[in-house]
Amino acid sequence: KKKNDNTSVGTFVHSTPQTPLQILEDALLGVDTRGKIAFIDKGGELQDLSQTFGFSPSKVIQLEDHEFFMPGMVDTHIHASQYSYAGTALDMPLLQWLNTYTFPVESRFKDLQFAHNVYTQVVKRTLRNGTTTACYFATIHTDSSLLLGRIAHDFGQRALVGKVCMDRNSSYPLVKPVVTPRFAPSCSEALLTQLGAIAKNNNLHIQSHISENTEEVKLVKELFPDSESYTDVYHKSNLLTEKTVMAHGCHLSDKELVLFRETGTSLSHCPNSNFSLCSGVLNVRNVLNHKVKCGLGTDVAGGYSSSMLDAVRKALDASKVLTIQNPEHNTLTFEEVFRLATLGGSQALSLDDHTGNFEVGKDFDALRVNVAAPGGPIDLIQSDRPKNLLEKFLNLGDDRNIMEVFVAGRKVVPFTDL
Ligand code: GUN
Ligand code: FE
């Protein structure tokens, strides 16, 4: 088996719980043979490595001036099964959209050949776009859901995959099952309760949708007249846990956000989808003020882009829309949104012990970014500081700027291993 150890020299940018953007220049970062971060040393000298750390890497990565490493991005909500029609079919509100476009396409995933084709494309595309961790919705089909897990494993992506088959844990170290009730309107109370019990008995992740559009909220009120709120529907079935991520939440009340906070449930903010289906504008500032864990999601194909960079930009746009509507609103900064896309996402998926930033002991999930990549979308006129380089990459960059992608220390882009 290939060894993954290496030492990188150059600029590292990442987030911590205390600061949304920490910049480490002229730093050394060592990755051990298990792919874990062994040390990170600001201003260290390569020659001292073996003395100081008893470490002689099998590979040294020397970054150029306009390059930096950032943590891999975490897509907290993406429908792998909807990738085939991404970029189309955005002319209806949610409930009509589901019936007209989504359900017919998803029914095709009983065909494993079709599933194999779509799932291979989406895993490759998201990896190239810098998504090192993805929290996927598959379909109701067990075999093709298992196939998605295998494809993520084969390409080396860290993933949560639902639909889930009970407690049959996969043997893929980076891929975990996630209990996936689609959303309350398509689940009976009995199904929700059973899924809550399965998750609890097997300590599994949970994902679903909540409070995406107002018509849906109204429907849930009618379908679950005994529940105090949409959030209460899931809470009653023990589906709100430390390992639960709920997508959207545009129309949650403050009281519901308190319940999110109390149960440790997190939110996946999917701004492209919220704009595209005219669902609503989530107030992320209010979510953060309630100390609810929050990450970003592409929500393909309600969101038309599979790129987390697009999610970053749309999250900034959504926050600015709120400021236009109310100048008192405290707009999110690009540093804060950078954190949502990386550390925030890993916290939202309860994976922050393993990934999300460059802390010793965590897995090395990282993007090698070249802001001035030849043939890329960015022209560097002057030599910018790392903070400006990161801002330019977030606003203007694309996969041409992502030279290499590492997951758990293994280089997964370019696809050399397959
Ligand atoms: N709510 C229930 N199912 C879906 C889905 O597939 N996409 C989105 N955006 N919302 C949903
Ligand atoms: Fe969704």
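Treat the numbers as computed from the prediction; the structure is a model and nothing was measured. When a ligand or atom number is given, it counts from 1 through the structure's own listing order. Heavy-atom basis, side chains included; hydrogens, waters and symmetry copies ignored.
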message = I'd like the residue list for ligand 1, meaning every protein residue with a non-hydrogen atom under 4.0 Å from the ligand.
response = H79, Q82, L94, W97, L98, R182, F183, H209, E212, H248, S273, D299

key: Quiz item: cation-pi between K124 and F415, 6.0 Å / 45°   = yes

Geometry at the Fe ion (ligand 2) - D299 OD1 versus H209 NE2 angle, rounded to 10 degrees = 170°

ask   = Hey, mind stepping through L219 and L95 against side chain to side chain contact (heavy atoms under 4.5 Å, CB included) and telling me if it holds?
value = CA-CA 10 Å; L219 179 59; L95 301 178; 4.0 Å; yes

query = Checking only N/O/S atoms, does C270 have one that is under 2.8 Å from the Fe ion (ligand 2)?
reply = no

inquiry  = Counting backbone and side-chain atoms alike, is an N, O or S atom of H77 positioned under 2.8 Å from the Fe ion (ligand 2)?
reply    = yes

key: Set of residues satisfying ring-ring contact (aromatic ring centres under 6.0 Å, His included) with respect to F103, sequence neighbours excluded   = none

ask   = Less than 4.5 Å apart, any side-chain heavy atom of H116 and any of L112?
value = no

inquiry  = With a 4.5 Å cut-off on side-chain heavy atoms, are L332 and R285 touching?
reply    = yes

key: Rounded distance [0.5 Å steps], CD in E262 versus CG in L240   = 11.0 Å

request  = Determine whether the side chains of Y101 and Q82 contain a donor N or O and an acceptor N or O closer than 3.5 Å.
outcome  = no

